[in-house]
Amino acid sequence: MAAHSLSLYLPVVTRSLVPLAFRHLLLPHRLRLRLRLRLVSAVSPSRARPLGLGARPPRPHAAPLGYGGRRPSGGLDHRAMSSSTNSTVATELSVSENSREIEPLPFVNDKHGGVIIEMKTPMDPGVFSAYLKAALAKWREQGIRGVWIKLPITLSNLIPTVVEEGFWYHHAEETYLMLAYWLPNTTHTLPVNATHRVGVGAFIMNDKREVLVVQEKSGVLRGLGVWKFPTGVVEPGEDINVGAIREVKEETGIDAEFVEVLAFRQSHKAFFDKSDLFFVCLLRPLSYDITKQDSEIEACQWMPVEEFAAQPFVQKHELVKYILEVGLAKVDKKYAGFSPISIKSAFTDKLSLFYMNRRDLDKASG
């Protein structure tokens with residue numbers, strides 16, 4: 001999508017009514033602001049008043065808009081933008097540096113009737129506030145609905161300005177914060193943030209019917225002497241099968257081949273109130289010499305499956321008990337899991353993985 005920028009109209013009064021302090025705020029170092037005044041109709045000086053950068057542009061309705069038509073959690077007060085004043089003088093605000101135009105608020109249109117502003121270069125908070133007010137007013141006229149602002153951590157000084165306009169936090173990553181706003185006076189339909197974390201556990205057995213198990217240095221099992229299957233969290237953009245292979249290699253030094261997803265578990269309120277999807281994966285060992293990960297693993301070994309099953313922890317913890325059952329059923333040829341196949345989409349060139357029971361599908365097709 002092609003990037004756009006806005007050079008829009010702001011409600012202000014004549015230059016003679018703007019205080020010197022206000023002018024200084026609008027003139028950051030090395031930036032020259034050109035104010036091109038266009039008189040719309042005569043206005044009485046006694047009734048006109050200067051608008052600071054904290055003033056809000058007009059809004060058709062005063063009803064507060066929040067996440068899902070209500071205020072988001074966390075106590076964030078989404079205030080409706082205040083009504084406009086009787087000022088009838090409009091100014092087109094543009095910024096130049098060394099006679100070269102600087103395009104404010106770079107944005108792209110999304111696929112759902114909204115826009116995404118992605119700030120990359122520093123901007124004075126006062127100037128940013130003015131551009132944002134103008135943009136919101138213009139987009140409202142155009143029927144735009146959702147507005148997203150992506151702020152890198154280097155531009156965190158702009159966060160208060162965005163929040164004051166009624167935006168709420170949507171999600172954050174290591175390098176940026178994404179904020180959202182809904183322009184229509186209706187319940188918003190913006191998608192919520194990602195709801196799940198994805199974890200993997202590896203059932204891996206050698207020809208001696210020994211399973212690969214570890215003891216962890218941290219977590220709830222630290223110091224309890226409990227042996228468990230290697231587990232971990234899938235990294236962003238990583239496929240489940242790749243994540244399972246990586247976790248086994250990192251924790252134990254064992255090279256392995258992915259075979260199937262045997263089962264999965266869903267739980268809620270697992271990690272910072274996020275839900276959790278945990279995929280049990282069957283792997284086939286390609287090497288057998290163990291090199292444990294010293295930073296996270298206390299001990300690692302190939303353990304006879306009967307000895308592993310005899311642990312009191314396994315008997316009490318149903319998840320581990322079921323992992324053992326489906327793993328043994330698969331090894332003994334009595335269980336079919338889900339193997340990945342690459343599939344294409346009609347909407348993108350990217351390939352994705354579809355996990356399916358190939359054995360039963362082949363039987364049904366035959």
Side-chain angles (χ1 to χ4, degrees), residues 196-235 238-267 270-271 275-340 353 355:
H196 285 69
R197 184 179 69 158
V198 178
V200 290
F203 182 91
I204 179 169
M205 178 183 287
N206 61 21
D207 294 336
K208 301 177 182 179
R209 294 184 70 83
E210 296 173 330
V211 290
L212 185 64
V213 293
V214 300
Q215 290 183 354
E216 295 181 334
K217 282 188 175 181
S218 61
V220 296
L221 298 179
R222 176 185 178 183
L224 298 181
V226 172
W227 294 97
K228 60 181 287 292
F229 297 117
T231 60
V233 177
V234 174
E235 295 179 349
E238 186 177 47
D239 291 320
I240 294 170
N241 57 336
V242 176
I245 293 173
R246 175 186 52 78
E247 284 292 343
V248 168
K249 179 66 174 179
E250 288 178 355
E251 293 187 359
T252 70
I254 297 297
D255 295 311
E257 176 187 12
F258 180 87
V259 180
E260 289 179 348
V261 169
L262 298 176
F264 69 91
R265 179 209 62 185
Q266 181 184 27
S267 62
F271 185 76
S275 299
D276 183 86
L277 285 174
F278 179 75
F279 290 85
V280 180
C281 303
L282 175 69
L283 275 65
R284 181 181 298 111
L286 301 178
S287 65
Y288 301 93
D289 294 332
I290 292 174
T291 304
K292 73 179 182 70
Q293 184 181 31
D294 290 332
S295 60
E296 297 184 11
I297 302 302
E298 184 67 36
C300 179
Q301 67 168 319
W302 291 101
M303 175 179 285
V305 66
E306 295 81 10
E307 183 180 343
F308 175 83
Q311 294 183 103
F313 171 74
V314 175
Q315 299 301 317
K316 295 179 180 180
H317 195 45
E318 289 189 334
L319 174 62
V320 181
K321 186 177 180 180
Y322 276 116
I323 292 175
L324 182 61
E325 287 184 9
V326 297
L328 291 176
K330 175 61 182 179
V331 171
D332 295 333
K333 314 297 183 184
K334 299 177 182 179
Y335 182 91
F338 298 89
S339 56
L353 293 180
Y355 289 81

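Just so you know, these numbers use all the heavy atoms, side chains as well, and skip hydrogens, waters and symmetry mates. Quantities reported herein were computed from a predicted structural model and do not represent experimental measurements.
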Is it true that atom [atom1] of [X] has more than 12 heavy atoms of other residues, nucleotides or ligands lying nearer than 6.0 Å?
X: Gln266; atom1: CD; result: yes
X: Asp332; atom1: CG; result: yes
X: Phe264; atom1: CZ; result: no
X: Tyr322; atom1: OH; result: no

Looking only at non-hydrogen atoms, find the nearest pair between [X] and [Y] and report the distance.
X: Ile240; Y: Val234; answer: CA-CG2, 4.4 Å
X: Ile204; Y: Ala256; answer: CD1-CB, 3.8 Å
X: Phe258; Y: Tyr355; answer: CZ-CE2, 4.1 Å
X: Phe313; Y: Val320; answer: CE2-CG2, 3.7 Å
X: Pro285; Y: Met205; answer: CD-O, 3.4 Å
X: Val248; Y: Ile254; answer: CG1-O, 3.6 Å

For this session: Would you check, one step at a time, whether the test side-chain contact (heavy atoms from CB on, under 4.5 Å) holds for Leu212 with Ile290?
Result: CA-CA 9 Å; Leu212 185 64; Ile290 292 174; 3.9 Å; yes
I'd like to know if the side chain of [X] reaches the main chain of [Y], judged simply by a donor and an acceptor atom lying under 3.5 Å from each other, with no hydrogens or angles considered.
X: Gln315; Y: Ala309; value: yes
X: Tyr335; Y: Leu262; value: yes
X: Lys292; Y: Ile297; value: yes
X: Glu257; Y: Arg284; value: no
X: Trp302; Y: Tyr288; value: yes
X: Asp239; Y: Asn241; value: no

Problem set entry | Audit row: Arg209, Leu328, side-chain contact (heavy atoms from CB on, under 4.5 Å) steps and yes/no | CA-CA 9 Å; Arg209 294 184 70 83; Leu328 291 176; 3.6 Å; yes
For this session: Under the side-chain contact (heavy atoms from CB on, under 4.5 Å) rule, what do Glu235 and Arg246 come out as? Steps first, then yes or no, please.
Result: CA-CA 10 Å; Glu235 295 179 349; Arg246 175 186 52 78; 3.7 Å; yes
Exercise. Do Asp255 and Lys249 come within less than 4.5 Å of each other through their side chains, counting heavy atoms only?
Worked result: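 Yes, close enough: below the 4.5 Å cut-off.
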For this session: Please examine the side chains of Phe229 and Val280, heavy atoms only from C-beta on, and report whether any two atoms are closer than 4.5 Å.
Result: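 The answer is no, as the side chains (C-beta and beyond) never meet within the 4.5 Å cut-off.
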Exercise. Charged N to carboxylate O below 4.0 Å: is that the case for Lys217 and Asp294?
Worked result: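 Asp294 and Lys217: not salt-bridged.
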For this session: Identify which one of His317, Glu216, Gln311 satisfies the side chain to side chain donor-acceptor pair (under 3.5 Å) criterion when paired with Lys228.
Result: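 Output: one option passes, namely Glu216.
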